[in-house]
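So the structure is just underneath, and the comments pick up after that.
Each chain gets a letter, A, B and so on, in the order its sequence line appears, and its residues count up from 1.
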2 protein chains.
Amino acid sequence: MTTIYDIAKRANVSSMTVSRVINNKGNISEATRKKVEDAIRELNYIPNSAAQSLNLKKTKLLSLVITDITNPFFTKVARGAIDKANQMGYQLILCNTDEDYEKESEYIDALIAKRVDGVIIAPTGDASLKNLKKLMKNRIPFTLIDRKIEDVPCDMVLGDNYEGTRFLLQHLIKNGHQRIAMVHGPLSISTSKERYQAYVETLKLNDLTVNPSFLIEDHYKQEDQLAGINHLLELPEDERPTAFFAVNNFIAIKLIKQLRQGGLRVPEDMAVVCFDDLELFIELDPFLTVSSQPAYDFGYIGTQLVIERVEGDSPTGYRSINLKPELVIRKSSGTSIKE
Amino acid sequence: MTTIYDIAKRANVSSMTVSRVINNKGNISEATRKKVEDAIRELNYIPNSAAQSLNLKKTKLLSLVITDITNPFFTKVARGAIDKANQMGYQLILCNTDEDYEKESEYIDALIAKRVDGVIIAPTGDASLKNLKKLMKNRIPFTLIDRKIEDVPCDMVLGDNYEGTRFLLQHLIKNGHQRIAMVHGPLSISTSKERYQAYVETLKLNDLTVNPSFLIEDHYKQEDQLAGINHLLELPEDERPTAFFAVNNFIAIKLIKQLRQGGLRVPEDMAVVCFDDLELFIELDPFLTVSSQPAYDFGYIGTQLVIERVEGDSPTGYRSINLKPELVIRKSSGTSIKE
DNA sequence: CTGTTAGCGCCTTCAG
DNA sequence: CTGAAGGCGCTAACAG
């Protein structure tokens with residue numbers, strides 16, 4: 001492995017001079033700079049960043065911690081994060097927690113060991129507070145994306161779950177739906193909780209009763225069946241829901257699959273709406289009515305905020321960026337119904 | 001930042017002893033091991049891997065270099081790679097080249113600087129040879145996935161482009177199609193070239209003529225329109241193609257969009273088939289007829305192979321793993337046609 | 001404008 | 001079973 005000393009020897013200068021031209025620091029005569037640069041090129045020298053990190057306490061490494069890159073929302077988030085990171089000269093380590101707090105913990109430890117400069121994280125749930133504190137103890141700045149955790153001093157990039165939910169529900173209500181069921185995730189995840197609360201509030205505001213049996217919880221894990229759906233479908237037609245609000249597109253798809261297995265067509269027999277778009281899919285068959293969130297921006301801006309903090313360019317206070325959803329009406333919500 | 005010396009002091013031992021318990025190396029009395037472990041826990045000590053790397057010349061860092069994480073094929077590949085990497089105690093740096101050789105070069109330099117232990121790469125094209133040579137010069141093992149480059153001594157995980165193409169074309173031919181057009185990518189990418197060659201061979205084997213104007217090249221970049229399609233569609237109905245073979249699903253979607261803009265329905269007016277599945281999509285609406293490749297395995301096995309090489313567990317010779325595609329017949333290819 | 005010295009945090013080697 | 005010395009490749013701080 002060629003080192004700074006090999007270059008120094010070849011260029012007849014000291015290692016410091018080499019270091020200076022590499023980092024463009026201090027004043028160097030054009031002549032020696034050229035000598036050094038030639039030597040670097042001739043020997044194909046590339047600085048060892050482990051050695052640099054040891055000195056500078058900076059690794060130029062960031063990490064994006066999400067639940068699953070395979071979820072189209074997070075795929076886009078990842079693309080945004082990588083783009084910004086690279087643009088600013090950082091590399092990005094990707095971690096999938098699969099909604100599992102333990103996995104998240106292990107990753108956080110590994111990232112601390114790697115001394116990453118910053119972390120962009122969509123936490124697995126409120127319990128993640130402990131993991132975030134570990135980051136803080138190690139002075140690793142992080143920004144929370146998509147999911148909020150209370151009382152954590154950090155930058156955040158969040159969606160507007162209240163507004164997104166309201167868009168979707170009012171669209172259904174306007175179409176005549178009165179019995180709207182919801183499939184949500186664990187309430188320990190802020191997005192799920194907020195959408196849940198917004199659901200309750202919006203129904204009330206519209207003088208609709210909130211039927212507890214219409215609230216179905218999913219675990220955000222891989223199991224194929226949503227428990228409790230079939231039970232709902234067995235209700236007499238004038239009692240069963242006419243529409244479903246799924247808390248995200250993953251769940252909406254599970255749901256639609258299950259409805260079809262139960263012999264129901266979407267949207268003819270049941271309207272379905274959800275959060276988050278299905279990028280490629282919509283090009284082929286614009287089907288799902290969604291509150292579309294700017295996933296790419298979650299990653300891009302989230303990364304920008306950590307980098308600013310890493311490099312000391314941040315204001316003293318913490319910032320909270322709010323990204324607005326957009327209602328996109330497509331087939332799955334059907335048209336007006338008459339009871 | 002707490003170091004090995006802080007632990008040593010607190011446990012009343014030398015730093016060497018601490019290092020030994022961390023790495024489980026050499027013999028240590030149970031008593032001192034416990035003392036050290038307690039100190040580590042009390043101080044929340046986590047070893048600095050930059051320092052470790054500097055000594056050991058191992059970073060426990062791998063990198064996956066693909067063209068675009070947003071492409072569903074590569075999303076799956078990434079998931080497989082991350083899973084295997086973590087399972088073996090490595091972290092994964094993700095890079096998107098966007099089919100751009102220059103970007104790829106920059107990434108390779110950055111990865112060399114980071115002294116990653118290994119790279120899993122789907123090269124941008126034949127020109128990537130130069131980048132791979134740079135890796136070799138720096139003794140960084142890599143495995144080629146999905147796309148092959150001639151005469152590079154390394155492990156590879158490849159699909160069977162010939163078979164996949166044949167599956168698709170024979171399915172169309174069996175359905176009565178005789179004029180089958182193809183949309184391929186740059187021939188400097190092995191997958192595209194092999195599918196192209198397989199297309200020509202398969203048509204010939206079936207006594208169909210290969211019409212040069214039916215061969216359309218796309219650049220695998222983001223532009224929205226496929227040049228040359230509209231020209232084909234203007235042909236009289238008994239001369240224009242009745243089916244399209246798109247070299248991957250990204251292109252198939254572009255194509256279908258464009259066909260529809262031209263007033264053609266798929267599959268009623270035009271059959272379309274392609275490589276690679278659209279995971280989530282197929283749950284909602286099983287539409288595209290594809291040669292489905294085990295994308296996850298490309299990443300998983302590719303990563304396994306590098307790790308084996310990094311850790312010296314590999315055989316002397318280089319391995320080439322062949323992953324078989326599976327023909328999945330769905331709507332987009334329609335049913336039999338009669339001319 | 002350039003060089004010397006020392007140290008980042010850890011592990012290898014060699015003693016004891 | 002444990003410790004002391006030295007070095008991995010680089011840069012900060014100081015000299016000249």
| said: In this structure, how many angstroms lie between the P atom of D:dC10 and the CE atom of A:Met1, rounded? | reply: 10 Å

| said: Do B:Leu94 and A:Leu64 have side chains that approach each other closer than 4.5 Å (heavy atoms only, starting at C-beta)? | reply: no

| request: Hey, could you give me each pair passing ring pair (Phe, Tyr, Trp, His ring centres under 6.0 Å) that has a residue in residues 57-97 of chain A? Not counting sequence neighbours. | output: A:Phe73-A:Phe298

| If each of B:Val13 and A:Asn23 is mapped to the nucleotide of DNA chain D with the nearest heavy atom, which maps nearer the 5' terminus, i.e. the 5' end? | B:Val13

| B:Lys25 NZ to C:dC10 P: how many Å, rounded? | 15 Å

| task | Let me know the distance between NZ of B:Lys58 and P of C:dC11, rounded to the nearest Å. | result | 15 Å

| Side-chain N or O of A:Ser53 closer than 4.0 Å to phosphate OP1/OP2 of D:dC10 | no

| Any N/O donor-acceptor pair, A:Tyr5 side-chain to D:dC8 base, under 3.5 Å | no

| field | Heavy-atom check, side chain of A:Val157 versus side chain of A:Leu323, under 4.5 Å | value | yes

| query | Do A:Arg147 and A:Glu99 sit within salt-bridge range, that is, some charged N less than 4.0 Å from a carboxylate O? | reply | yes

| request: Would you mind reading off the distance between A:Ile4 atom CD1 and D:dC8 atom P, rounded to a whole angstrom? | output: 13 Å

| task | Starting from C1' on C:dG9, measure out to CG on A:Asn55 and report it in whole angstrom. | result | 11 Å

| field | Under 3.5 Å donor-acceptor pair, A:Arg20 side-chain atoms to C:dG3 base atoms | value | yes

| said: List the residues meeting ring-ring contact (aromatic ring centres under 6.0 Å, His included) with A:Tyr45, not counting sequence neighbours, and say none if there are none. | reply: none

| said: I want to check one thing: is the phosphate of D:dG9, taken as OP1 and OP2, less than 4.0 Å away from some side-chain N or O of B:Lys57? | reply: yes

| task | Take atom CZ of B:Arg115 and atom P of D:dG9, then tell me their distance rounded to the nearest Å. | result | 9 Å

| query | Any donor and acceptor pair, going by atom type alone, linking the side chain of A:Thr67 with main-chain N or O of A:Thr97 inside 3.5 Å? | reply | no

| message | Check this one for me: any side-chain N or O of A:Ser14 less than 4.0 Å away from OP1 or OP2 of C:dG3? | response | yes

| request: Taking only heavy atoms on the protein side, list every residue of residues 33-52 of chain A lying under 4.0 Å from any atom of DNA chain D, sorted numerically. | output: A:Tyr45, A:Pro47, A:Asn48, A:Ala51, A:Gln52

| query | If every non-hydrogen atom of A:Asp146 is compared with every non-hydrogen atom of A:Ser190, which pair is closest and at what distance? | reply | O-OG, 4.3 Å

| query | Is there a side-chain polar atom (N or O) of B:Thr32 under 4.0 Å from OP1 or OP2 of D:dT2? | reply | yes

| task | Indicate, with a heavy-atom threshold strictly under 4.0 Å, whether A:Leu56 touches base, sugar-phosphate, or nothing. | result | sugar-phosphate

| Which nucleotide in the list C:dC11, C:dC10, C:dT4 gets nearest to the side chain of B:Met16? | C:dC11

| query | For the pair made of CD1 in B:Ile22 and P in C:dT12, what is the distance, rounded to whole Å? | reply | 12 Å

| Any side-chain N or O of B:Asn27 less than 4.0 Å from the OP1 or OP2 oxygen of D:dC1? | yes

| Distance in angstrom units between B:Ile7 CD1 and C:dC11 P, rounded | 13 Å

| said: Once rounded to the nearest 0.5 Å, what's the spacing between atom CD1 of B:Ile307 and atom OG1 of B:Thr143? | reply: 10.5 Å

| query | Between A:Asn12 and B:Ser15, who's closer to the 5' end of DNA chain C by nearest nucleotide? | reply | A:Asn12

| query | Does a nitrogen or oxygen in the side chain of B:Thr17 sit under 4.0 Å from OP1 or OP2 of D:dT2? | reply | no

